[in-house]
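I have placed the structure first, in the form of structure tokens, so that the comments after it can refer back to it.
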Amino acid sequence: MTKAAVSVIPALMNPYRHFIGVIVAALQGMQASGELPPSLDFSAITAEPPRDPAHGDIATNAAMVLAKSAAKKPRDIAEPLLARLKADADVVDGAVAGPGFINLKLADAFWRARLAECLKEGIAYGDSQMGAGQKVNVEYVSANPTGPLTVAHARGAVVGDALANLLDKAGYAVTKEYYINDSGAQVDKLGQSTYLRYKEALGETIGEIPTGLYPGEYLKDVGTAIAKRDGARWIDKPEADWLPEMRSFAIATLMAEIRTDLETLGVRIDVFSSERALVESGAVDRAFETLTRQKLIYQGRLEPPKGQKPDDWEDREQTLFRSTQFGDDVDRPLKKSDGSWTYFANDIAYHHDKFVRGFADMIDIWGADHGGYVKRLKAAVSAITGKKGELDVKLCQLVRVLKNGELVRMSKRAGTFETLRDLLDEVGPDVVRFTMLTRKNDAAFDFDLVKATEQSRDNPVWYVQYGHARTRSVMRQAAAAGIGIDGLVTAPLDRLSDTGELALVRLIAQWPRQVEAAALAHEPHRIAFFLYDLAAAFHAHWTRGSKEPELKFVIEGDADLSRARLALVQAVGFVIGSGLKVFGVTPVDEMR
RNA sequence: GCGCCCGUAGCUCAACUGGAUAGAGCAUCUGACUACGAAUCAGAAGGCUAGGAGUUCGAAUCUCUUCGGGCGCGCCA
């Protein structure tokens, strides 16, 4: 049993972050000896894997970044810096390249030590302290409780959930939140629509559902349920009597269905916030007062929109918020003509409430059709939190459902796709989740039902799952061959010396950095591409073994070597499993 | 008319947030199974990053501009 004699990186497994520290220390040494001026900004220095692996293991831009403020040529900084970096125990070679990059080659043992960490951590490998327990609120889905979740909601649900999981892994204290829009005109219409279905359930002929109300068939069940519970009690009563009851019953029923759908999708929300409760608590009034004290509220008039002037435009004085002071295009109204709060006013109060609950970091996941709303809410958050709170809005672009390249019509009448439930029934939650995460959120997305379930390299879900299953398959084979696959943490990893093996080891060591980078950027889709690359590297190495028998994982008569290689295979499985966990996708042990 | 998002290989998408020779898959062409899963792998070919100008050591990325697409534009949520 040999233990690699390399530096341990305590509680910080991202080797690149570690080397930024090493580089900064070396630069400070140069400052102490007068080679560099005393006050320099090191914050722009990066340490990353070079694009071309032939350049080495770590590339830093330090010399180029500092050149200007140090009044030196990049190479005149790079040369002495490189000399100092070469003294580091883990660095075996280095060179200055191009305009002033410093490329470092690290000892194989350094990378094997990262593999050892992965084996020790298992699925938890890549967990980071970066977030330092800071509270983050991720609000997503937040679909109106006026009908079942649609395919369009699915993307936001998946992106939000994966982002929340990712931030959690990166060390943030994450709360997953759903804002229920159970206040305002829309839910009143829901209540009215429900009343019609209620009367229908009691045998009345209601005819066509009037325009403006919700015609969906799903409300029939709700009406029937109320009829069953209350009988004819609401018939011939004024609207003021039955509306609150119809409304709340419908909301409760539909929210229950939404929760069930989310559950099936694997989304578990921590906090459901009610808009109605918020308004009734007086939170909106308080937010309004706060803004008033800051002199950000005034009575004024707005210009009608240039493009399409509403027919019923009526120039009137209204209560406006000075969102232009915070980067918005025009000031925004907070009160409707009847004196009640606008949705915007409620939303200000809601985000203020989040801030009061301790969330300075807020992330909202919205559909692209709300794009015009981003500036004003960011402005409001900035104002109401005294610039201490920060809101990031991720807009999810449209999802189109295709079947073999043909657009599937989203029409209820045609009996085709519309709801998330339909999508889940067709391809299952794992495929929905992974596939939705293979694209940047701000790019439009075509979801092809056929391609998403295809078993080929063209389909990332399948390919990554296959990679995971293959790691397990190798383990099963090894066990059958009589190799002990327990306690691989203690396997002699220094027996790993083939370039393909070491390339895999390096890739595994990238995982903690990938987690941190994706979390910082709020971009969970990066994980999908990393997992795909890792799976590809693993499949490639696997195939080499079928051509060159000495590269097989199990080598007869050499248990140590076999165990070292199996440890590598296990680590690949851990990283894929770790990534799939972030995505909320079940890793499979076997392909069917 | 204004604001936001997008434009990268024939097609679908990446590019570590300003880094080195812009990368994958599909499709096309050439190869590899006495199977630790060939549902895979190795290779070839494919690009003026929509066009133009600017910023700097360095631009697909930042700024300006033109073109083309999506979304939105008081008292809906």
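Bear in mind that the values here come from a model prediction, so they are computed numbers and not experimental data. Quick note on labels: first sequence line is chain A, next is B, and so on, each numbered from 1.
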When rounded to the nearest Å, what value does the distance between [atom1] atoms of [N] and [M] take?
N	M	atom1	value
B/C67	B/G52	P	15 Å
B/C75	B/U61	P	37 Å
B/G58	B/G74	C1'	47 Å
B/A14	B/C4	C1'	24 Å
B/G1	B/G47	C1'	37 Å
B/G18	B/U55	C1'	12 Å
B/G46	B/A38	C1'	26 Å
B/A59	B/C13	P	28 Å

Centroid-centroid under 6.0 Å between A/W341 and A/F288 rings: yes
Ring centers of A/F538, A/W542 separated by less than 6.0 Å: no
If I take atom [atom1] in residue [X] and atom [atom2] in nucleotide [N], what distance separates them, rounded to the nearest angstrom?
X	N	atom1	atom2	value
A/D533	B/A15	CG	P	11 Å
A/R439	B/C13	CZ	P	5 Å
A/W341	B/A77	CH2	P	14 Å
A/L398	B/C4	CG	P	21 Å
A/R332	B/C73	CZ	C1'	8 Å
A/Y373	B/A77	OH	C1'	8 Å
A/Y532	B/U40	OH	C1'	12 Å
A/M130	B/C16	CE	C1'	13 Å

Who is the Watson-Crick or G-U wobble partner of [N], with both distances under 3.5 Å?
N	result
B/U12	B/A24
B/C64	B/G52
B/C57	B/G19

Out of [options], which nucleotide sits closest to the side chain of [X]?
X	options	answer
A/T543	B/G74, B/A20, B/U40	B/U40
A/K547	B/A20, B/A42, B/A14	B/A42
A/P99	B/C5, B/C57, B/A77	B/C57
A/M64	B/C41, B/G19, B/C4	B/G19
A/D458	B/C75, B/G19, B/C26	B/C26
A/Q397	B/A20, B/C41, B/C5	B/C5
A/L302	B/A15, B/C41, B/G74	B/G74
A/D329	B/C41, B/G3, B/A77	B/G3
A/D369	B/G74, B/A20, B/G72	B/G72
A/E523	B/G19, B/A20, B/U17	B/U17

Name every residue in residues 67-76 of chain A that has at least one heavy atom under 4.0 Å from any atom of RNA chain B, in order of residue number, or write none if there are no such residues. A/K68
Side-chain (A/S323) to main-chain (A/V330) donor-acceptor, under 3.5 angstrom: yes
Nearest-nucleotide check on RNA chain B, A/A469 vs A/T60; residue mapping nearer the 5' end is A/T60
Earlier contact from the 5' end, RNA chain B, for A/I102 and A/R476: A/I102
It should be established whether [X] places a side-chain nitrogen or oxygen under 4.0 Å from OP1 or OP2 of nucleotide [N].
X	N	result
A/R470	B/A38	yes
A/K336	B/A77	yes
A/R457	B/C41	yes
A/Y463	B/C41	yes

Please determine whether salt bridge (Lys or Arg N to Asp or Glu O under 4.0 Å) holds for the pair A/R322 and A/D328, giving the CA-CA distance in whole Å, both sets of side-chain angles, and the decisive distance to 0.1 Å. CA-CA 9 Å; A/R322 294 188 191 279; A/D328 201 358; over 6 Å; no
How would you label the contact of A/K375 with the nucleic acid (heavy atoms, under 4.0 Å): base, sugar-phosphate, or nothing? sugar-phosphate
Mind checking if A/R316 touches a base, just sugar-phosphate, or nothing, with heavy atoms under 4.0 Å? base
Measure the distance between the ring centre of [X] and the centre of the six-membered base ring of [N], then answer whether it is under 5.5 Å with planes under 30°.
X	N	value
A/F529	B/A14	no
A/F101	B/A20	yes
A/H370	B/G72	no

For A/A63, check side-chain contact (heavy atoms from CB on, under 4.5 Å) against everything at least two apart and list the hits. A/I77, A/A78
To the closest 0.5 Å, what do you measure between CG (A/L219) and OG1 (A/T146)? 9.0 Å
For a quick check, tell me whether the side chain of A/R544 and the base of B/U40 share a donor-acceptor pair closer than 3.5 Å. no
Cationic tip of A/R513 within the cone over A/Y16's six-membered ring, i.e. under 6.0 Å and within 45° of the normal? yes
Is it true that atom CD of A/E303 has more than 12 heavy atoms of other residues, nucleotides or ligands lying nearer than 6.0 Å? no
Return yes when atom CD of A/E79 has more than 12 non-hydrogen atoms of other residues, nucleotides or ligands closer than 6.0 Å, and no otherwise. yes
What pair of heavy atoms forms the shortest contact from A/V431 to A/A452, and how long is it? CG1-O, 3.4 Å
Sorted by chain and number, sequence neighbours left out, ring pair (Phe, Tyr, Trp, His ring centres under 6.0 Å) with A/Y463 holds for A/Y532, A/H539
